[in-house]
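Notes for the one structure printed next.
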Protein chains: 2
Amino acid sequence: MVSDPHTTLSQRLAGSGLRLTPQRELVYGVLLSQRDHPSAEDVFARVKGQLPSISLATVYNCLETLVNCGLVKQVNMERGPSRYCPNLHEHAHLHDEISGRVFDLELPADLAARLHLLLPAGYSLSAIELNFHARPAVPLQEAAAASHAEGQEAGAEKPAPTQIAS
Amino acid sequence: MVSDPHTTLSQRLAGSGLRLTPQRELVYGVLLSQRDHPSAEDVFARVKGQLPSISLATVYNCLETLVNCGLVKQVNMERGPSRYCPNLHEHAHLHDEISGRVFDLELPADLAARLHLLLPAGYSLSAIELNFHARPAVPLQEAAAASHAEGQEAGAEKPAPTQIAS
DNA sequence: AGTGAGAATAGGAATTATTCCAATGAAAGT
DNA sequence: ACTTTCATTGGAATAATTCCTATTCTCACT
Ligand SMILES: [Mn+2]
Ligand SMILES: [Mn+2]
Ligand SMILES: [Zn+2]
Ligand SMILES: [Zn+2]
C-alpha cells in the first residue's frame with residue numbers, strides 16, 4: 001500500500017526531526033510530477049511557477065534534505081549540474097548523449113543481485129549506480145542517405161525513436 | 001603484444017592528427033604510474049615535480065586530449081572534481097566513502113555481457129559505468145566496543161581493512 | 001638554415017555550479 | 001507571550017573548470 005506523497009514526505013521528515021514546509025513539499029512535488037531527472041536550476045524554474053518568492057538556495061537546501069531523508073537520489077553521470085531522481089526502486093540510468101536527457105531503466109532483480117555480489121569483502125554497500133551513455137542509433141536507411149550529405153550538426157535535432165513516455 | 005606507453009600514446013595522437021608533446025607524455029605517464037584515479041589537480045601536482053613550468057590549464061587540455069583519444073576515461077562518481085582512469089578494460093569502480101579513494105573492480109565478462117543487453121533498442125552504446133559506493137565494514141568485535149563509547153567522529157581515521165594494494 | 005602556418009602551452013580572467021553566511025521569518029515548546 | 005530552534009532568503013564566497021590571448025614550438029616548405 002503506497003501512501004500519498006504528502007504523507008510520505010511528512011513522515012520521512014518527522015523521522016529526522018525536520019519540518020514539513022511548503023518549499024519542501026513543492027520541490028518534492030515537482031520531482032514526482034516530471035521524472036526527467038531535473039537539475040537544481042530546473043527544479044528552481046518549475047517551483048518558481050508555483051511559489052515565485054522561493055530562492056535558489058532554498059531549492060538546494062530542500063534537495064539536500066530530500067536526499068538525506070532517502071526520498072530522492074542525486075544523480076551524477078558526468079560533470080555538470082547534479083540531477084535529482086525520486087525513483088526509489090533499484091534502477092539504472094540511460095543518458096542520451098544527443099538530447100542530454102536521462103531515462104530510468106528497469107534493472108532485473110537477478111541481475112541486481114549479481115551486481116551486489118561484486119562488492120569486495122570488508123565493505124558495506126551504500127549504493128550501486130549503473131549508467132548507460134548512448135546515442136540514438138541511426139536507422140540503416142538514413143545512415144546511407146546521411147553518408148552522401150556529410151556535415152556535423154550540433155545539439156538536439158530529431159525526435160527520439162521508440163521512447164519511453166515521460 | 002602490448003606496446004610501451006610512449007608508442008601507444010604517439011600512435012593514438014597521430015591517429016587524431018595531434019602531436020606528441022612532453023606535457024601529454026608526462027600527464028599520461030603520471031596516470032599510468034599511479035592508478036588511484038587522480039583529479040586534474042592531483043595530476044597537476046604530480047607532473048609539476050617533473051616539469052615545474054607546466055600550467056594547470058595544460059593539464060586540463062592534456063587530460064581532455066587523452067580522453068578524446070580513448071586512452072583515458074573520465075570518472076565522475078559524484079559531484080566534485082573529475083577523476084581520470086587509464087584502465088581501458090571494462091571494469092567497475094569502488095568508491096570508499098570514508099577514505100575518498102576509488103578502486104578498480106574486475107567485471108566478469110558474462111556479467112558485462114548481460115549489462116549490455118539492457119540497452120534499449122534504438123540506442124547505440126557509448127559507455128557503461130558501474131559504480132559501487134561503500135564504506136569499510138566495521139568488524140563485529142569493534143562494532144560492539146564502539147556501541148559503548150558512542151560519539152561521531154568526522155573524516156578518515158582507521159586504516160582500511162583487507163585493502164587491495166595501490 | 002630561414003620563414004610562415006598552424007598547433008600547443010601558459011597564465012590569467014571568466015564562468016558555472018554550489019556552498020556559505022547573516023539576517024529575517026515561522027513554528028513549537030513552555 | 002517568550003524563547004528556542006528550524007527554515008528561508010539574498011547575496012557573498014568558493015571550487016572546478018573553461019575560455020581567452022599572447023607566446024612558444026613544430027613542421028613543412030623553401
Ligand atoms: Mn554521458
Ligand atoms: Mn560516493
Ligand atoms: Zn532515475
Ligand atoms: Zn578505473
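In what follows, chains are A, B, ... by sequence order, proteins preceding strands, each numbered from 1.
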Sub-4.5 Å side-chain heavy-atom contact between A/Cys69 and A/Val67: no
Assess, by modelled atom type and distance only, whether the side chains of [X] and [Y] contain a donor and an acceptor separated by less than 3.5 Å.
{"X": "B/Tyr84", "Y": "B/Asp42", "value": "no"}
{"X": "A/Ser55", "Y": "A/Thr58", "value": "yes"}
{"X": "B/Asn131", "Y": "B/His95", "value": "no"}

Residue pair A/Arg83 / A/Asp36: nearest heavy atoms and the distance that separates them: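 Residues A/Arg83 and A/Asp36, closest heavy atoms: NH2-O, 4.1 Å.
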Heavy-atom closest pair, residues A/Leu125 and B/His133: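 For A/Leu125 and B/His133, the tightest heavy-atom pair comes out as CD1-O, 3.6 Å.
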Phosphate-side-chain proximity, B/Gln23 and D/dC25, N/O vs OP1/OP2 below 4.0 Å: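 No, B/Gln23 has no side-chain N/O under 4.0 Å of OP1/OP2 on D/dC25.
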Under-4.0 Å side-chain N/O to phosphate OP1/OP2 contact, B/Ser53 with C/dT9: no
Sugar-phosphate only, base, or nothing, as touched by B/Thr58 at under 4.0 Å among non-hydrogen atoms: base
Rounded off to whole Å, could you give me the [atom1]-to-[atom2] distance for the [X] and [N] pair?
{"X": "B/Phe44", "N": "D/dT18", "atom1": "CZ", "atom2": "C1'", "answer": "15 Å"}
{"X": "B/Arg24", "N": "D/dC25", "atom1": "CZ", "atom2": "P", "answer": "15 Å"}
{"X": "A/Leu26", "N": "D/dT9", "atom1": "CG", "atom2": "P", "answer": "10 Å"}
{"X": "B/Leu63", "N": "D/dA16", "atom1": "CG", "atom2": "C1'", "answer": "13 Å"}
{"X": "B/Leu51", "N": "D/dC25", "atom1": "CG", "atom2": "P", "answer": "12 Å"}
{"X": "B/Glu78", "N": "D/dA16", "atom1": "CD", "atom2": "C1'", "answer": "15 Å"}
{"X": "A/Leu13", "N": "D/dA7", "atom1": "CG", "atom2": "C1'", "answer": "12 Å"}
{"X": "B/Leu9", "N": "C/dA8", "atom1": "CG", "atom2": "P", "answer": "12 Å"}

Helical bend (five base pairs per end, nearest 10°) for the helix from C/dA1-D/dT30 to C/dT30-D/dA1: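 Rounded value for the end-axis angle: 20°.
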Aromatic ring pairing A/His91/A/His37, orientation class (parallel under 30°, perpendicular over 60°, tilted between): tilted
Summary of protein contacts for nucleotides 12-30 of chain C, nucleotide by nucleotide, where a base hit scores B, a sugar-phosphate-only hit scores S (4.0 Å, heavy atoms): B----SSBB------B---
CD on B/Gln74 to SG on B/Cys85, rounded to 0.5 Å: 11.5 Å
Pair listing, salt bridge (Lys or Arg N to Asp or Glu O under 4.0 Å) test, anchored in residues 106-128 of chain B, at least two apart: A/Asp110-B/Arg114, A/Arg114-B/Asp110
